[in-house]
Amino acid sequence: MKRIVVGVSGASGMPYARHLLEELAARKDVEVHLVLSEGARRVLMREGRGPAELEAYAAARYDPADLGAAPASGSFPTAGMVIVPASATTAGKLAAGIADNLLLRAAYVHLKERRPLVVVLRETPLPAVTLEALLKLAHAGAVVLPASPGFYHDPRTIDDLLAFVTQRVLDHLGLEAPGPRWEG
Ligand SMILES: Cc1cc2nc3c(=O)[nH]c(=O)nc-3n(C[C@H](O)[C@H](O)[C@H](O)COP(=O)(O)O)c2cc1C
């Protein structure tokens, strides 16, 4: 069983989180451990039907304030983590080594244990402070994978665009990913 930590922070783009969670929940060999930040809970009231909509896909859900929960420790085995969507605040704090909520602590653990960590940033435009934070995260071993779908696969629906990002995230988590691929 592959245990994947999914952190959702307070950036716009909750459909990216829902699409990935739906895909992960459909797999028998994956167990999703979900942390929604306080920011995510606020955005979810605007971009969906609230936290319960995402929590339904997870095997385990955590209080973001619970720094004693399992994903806070490197001794809790996981196959990787994704932050989707990742706010500029979460990216900046993580790059600075700040782990003052469970989402950040779990992400910090993935960096220190050198496990896969995918950061699906959603912000535009990007100021120098955020660009520098992303560079630090890349140097620390994270995959910075902006929520920036391509258009070469001829997307017709929003779901097609979400699927593009989900496929790239799954690739970086080492999970088989469905969907069209560029074949030249
Ligand atoms: C409706 C809404 C949309 C937001 N969208 C973004 C966004 O796309 N990117 C971003 O970096 N911050 C965005 N924010 C601001 C973050 O939610 C805010 O900086 C928050 O402190 C992030 O905290 P967190 O990273 O702990 O979730 C948005 C806030 C609201 C209320």
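All ligand and atom numbering here is 1-based and tracks the order in the structure. Count residues from 1 along the sequence.
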request  = Check each atom of ligand 1 against the heavy atoms of Arg122 and keep those under 4.0 Å away; list them by number with element.
outcome  = 7 (C), 8 (O), 9 (N), 10 (C), 11 (O)
query = Please, which pairs that meet side chain to side chain donor-acceptor pair (under 3.5 Å) have at least one residue in residues 126-147, sequence neighbours excluded?
reply = none
task = Can you see which heavy atom on Gly179 is nearest to which on Gln167, and at what distance?
result = O-NE2, 3.3 Å
query = Closest non-hydrogen protein atom to atom 24 (P) of ligand 1, residue and atom name please, with distance?
reply = Thr90 OG1, 3.6 Å
ask   = Got an N/O contact under 3.5 Å between Gly10 and ligand 1?
value = yes
Residue portion contacting ligand 1 (non-hydrogen atoms closer than 4.0 Å) for Ser37 = side chain
request  = For the pair Ser9 (side chain) and Val84 (backbone), establish whether a donor and an acceptor sit closer than 3.5 Å, ignoring hydrogens and angles.
outcome  = no
ask   = Roughly how far, to the nearest 0.5 Å, is the CD atom of Glu38 from the CG atom of Leu103?
value = 11.0 Å
key: Closest non-hydrogen atom pair, Leu161 against Phe151   = CD2-CE2, 3.7 Å
ask   = Between His153 and Phe164, how do the two ring planes meet: parallel, tilted or perpendicular, split at 30° and 60°?
value = tilted
ask   = Under 3.5 Å, N or O to N or O, is Ser12 touching ligand 1 that way?
value = yes
key: Atom indices of ligand 1 within 4.0 angstrom of Ser9 heavy atoms, with elements   = 25 (O), 27 (O)
message = To check your reading of the model: name the closest protein heavy atom to atom 18 (C) of ligand 1, its residue, and the distance in Å.
response = Thr89 OG1, 4.2 Å
inquiry  = Closer than 4.0 Å to some heavy atom of Ala88 - which atoms of ligand 1 meet that?
reply    = 10 (C), 11 (O)
ask   = What protein heavy atom sits nearest atom 10 (C) of ligand 1, and how far off is it?
value = Glu123 OE2, 3.2 Å
request  = Using atom types as modelled and distance alone, determine if a side-chain donor or acceptor of Arg3 lies under 3.5 Å from a backbone N or O of Pro77.
outcome  = yes
Location of contacts on Val43 toward ligand 1, heavy atoms closer than 4.0 Å = side chain
message = For atom 20 (C) of ligand 1, what is the closest protein heavy atom, and at what distance to 0.1 Å?
response = Arg42 NH2, 4.1 Å
remark   = dist Leu145:CG -> Asp171:CG (nearest 0.5 Å) comes out at 9.0 Å
